[in-house]
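Numbers here simply count residues along the sequence, with the first being 1. Whatever order the structure lists them in is the order used to number ligands and atoms, beginning at 1.
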Amino acid sequence: MVFSELIEKSAREKGSKIVLALDLENHEERLLTRAIKILRSVQDYICAVKVNRQLVLPLGLYPNVKTLVKEAHRLRIPTIMDAKVNDVGHTNEAIARNYFKVGFDAIIASPFVGWKGGLEPLFNLAREKSRGVLLLTYMSHEGAAEGYGQTVMDPVTGVRSYMYEIFAKKAIDWNADGIIVGATHPEKIVEIRRIVGDKLSIYSPGVGTQGGDAARSLIAGATYLIVGRSIFKSKNPRDAAKGVCNAVNQPMSM
Ligand code: O7M
């Protein structure tokens, strides 16, 4: 099963479009225990878990991150490694190989490095291992405009486009499993959804703490919502996850 089908199935089974961003602070004691505890407590209200380097660095891949990924899979929760891979091809491939080896179902990469000698080897590896690749397309922070939002001119045709329009089209051409567009820019979600149609899922981070609105992002065209602090920093993460899940729960339209 390809990643986009895996998460779609999970979303249907759980009745949730929420991807938990498990960004715990590294000063917290017993980090792995706490990560697993939160994951178990919210399992009924999330369709996937996203782990980033903030957690991987203090935990270490072996054995801790591997244990966490294994636990997620035991709970039937797909796992996404938010590595924002952004280097030359051979190191991109090596980075992805390490994350796939501990069991991650998908990896997040940056399209700025391009295809040839950039993301091509990573995509090839992901296909070989039946894992997913998600691409950043417009980030949630203000400075996203300086990169993803800049206007660029095609040197051959002279046509001007926004960087995010180009990335959205590349994501289709490269056969990515989904793209990331910040919930703090619902107008960008609308525009990008027009470009990708129903060919790609849109994952939208920045809900809650960063100011993005869950329902508004879904109406704009997001498929999944990536939510971190407003769930795991709350006194009762399970109730918080349930709250976000129920607030946006309409009949699944994926
Ligand atoms: O809900 P938060 O604000 O606590 O966490 C948001 C998560 O989404 C956090 O894990 C970020 O790394 C991630 N994220 C953004 O906040 N903005 C982006 O533009 C992109 C991401 C992301 O997930 O990129 C893959």
Side-chain angles (χ1 to χ4, degrees), residues 3 7 16-26 28 35 38-39 42 45-59 65 68 78-86 92 95-96 99 104-113 119 122 126 131-149 163-164 167-168 171 176-189 192 200-214 216-218 220 222-234 237 240-241 243-245 247-248:
F3 180 73
I7 189 166
S16 172
K17 299 173 181 188
I18 297 166
V19 175
L20 173 69
L22 197 49
D23 304 334
L24 303 182
E25 306 281 338
N26 65 5
E28 288 176 42
I38 291 172
L39 193 61
V42 304
Y45 303 106
I46 61 170
C47 63
V49 61
K50 180 183 82 73
V51 171
N52 73 16
R53 288 164 295 188
Q54 168 176 344
L55 186 60
V56 169
L57 286 171
L59 275 185
V65 171
L68 180 63
T79 53
I80 302 168
M81 179 58 215
D82 181 3
K84 297 188 175 74
V85 183
N86 192 29
N92 291 340
I95 289 165
Y99 288 126
F104 282 104
D105 300 300
I107 193 161
I108 294 172
S110 165
F112 272 106
V113 288
L119 293 184
L122 180 147
R131 312 295 166 96
V133 183
L134 310 178
L135 293 174
L136 295 170
T137 298
Y138 199 98
M139 291 185 71
S140 59
H141 63 301
E142 213 179 320
E146 297 168 31
Y148 299 91
M163 205 67 242
Y164 63 85
F167 288 157
D177 297 85
I179 54 176
I180 317 284
V181 184
T184 44
H185 311 287
E187 73 293 347
K188 295 289 185 293
I189 302 178
I192 292 168
L200 290 173
S201 294
I202 296 179
Y203 293 70
S204 202
V207 168
T209 313
Q210 293 184 45
D213 181 75
R216 202 161 162 219
S217 308
L218 291 174
T223 319
Y224 304 106
L225 304 170
I226 296 176
V227 188
R229 288 165 292 178
S230 43
I231 291 179
F232 69 74
K233 281 209 165 175
S234 83
V244 189
C245 183
V248 297

Identify, by atom number and element, the atoms of ligand 1 in contact range of [X], meaning under 4.0 Å from any of its heavy atoms.
{"X": "Ala21", "answer": "7 (C), 10 (O)"}
{"X": "Leu136", "answer": "24 (O), 25 (C)"}
{"X": "Asn52", "answer": "10 (O), 12 (O)"}
{"X": "Ile108", "answer": "25 (C)"}
{"X": "Ile226", "answer": "8 (O), 23 (O)"}

Between Ser140 and Gln210: side-chain donor-acceptor atoms closer than 3.5 Å: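 Yes, a side-chain donor-acceptor pair sits under 3.5 Å.
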
Please report whether ligand 1 has a polar contact with [X], defined as an N or O pair separated by less than 3.5 Å (distance criterion only).
{"X": "Gln210", "result": "yes"}
{"X": "Lys50", "result": "yes"}
{"X": "Ser140", "result": "yes"}

Flag side-chain contact, heavy atom, 4.5 Å: Asp177 against Ser201: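 A side-chain contact under 4.5 Å is absent here.
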
4.5 Å side-chain heavy-atom contact, Val49 and Leu68: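 SC-SC contact between Val49 and Leu68 ruled out.
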
Of the listed options Lys233, Lys84, Arg229, closest to atom 4 (O) of ligand 1 (non-hydrogen atoms):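 Comparing heavy atoms across Lys233, Lys84, Arg229, the nearest one to atom 4 (O) of ligand 1 lies in Arg229.
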
Name of the residue among Ile95, Leu136, Asn92, Val113 meeting side-chain contact (heavy atoms from CB on, under 4.5 Å) with Asn86: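 For Asn86, the side-chain contact (heavy atoms from CB on, under 4.5 Å) check succeeds only for Val113.
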
Closest protein heavy atom (residue, atom, distance) for [atom]:
{"atom": "atom 1 (O) of ligand 1", "result": "Gly228 N, 2.8 Å"}
{"atom": "atom 10 (O) of ligand 1", "result": "Asp23 OD2, 2.5 Å"}
{"atom": "atom 21 (C) of ligand 1", "result": "Pro205 CG, 3.5 Å"}

Ring centre gap for Tyr148 and Phe112 strictly below 6.0 Å: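 Ring-ring flag for Tyr148/Phe112: true, centres closer than 6.0 Å.
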
Check: Tyr203 ring centroid to Tyr224 ring centroid under 6.0 Å: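 Ring centroids of Tyr203 and Tyr224 are less than 6.0 Å from each other.
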
Stepwise side-chain contact (heavy atoms from CB on, under 4.5 Å) check, Val42 with Ile18: CA-CA 10 Å; Val42 304; Ile18 297 166; over 6 Å; no

Glu146 atom CD: more than 12 heavy-atom contacts under 6.0 Å: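 Incorrect, the count does not exceed 12.
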
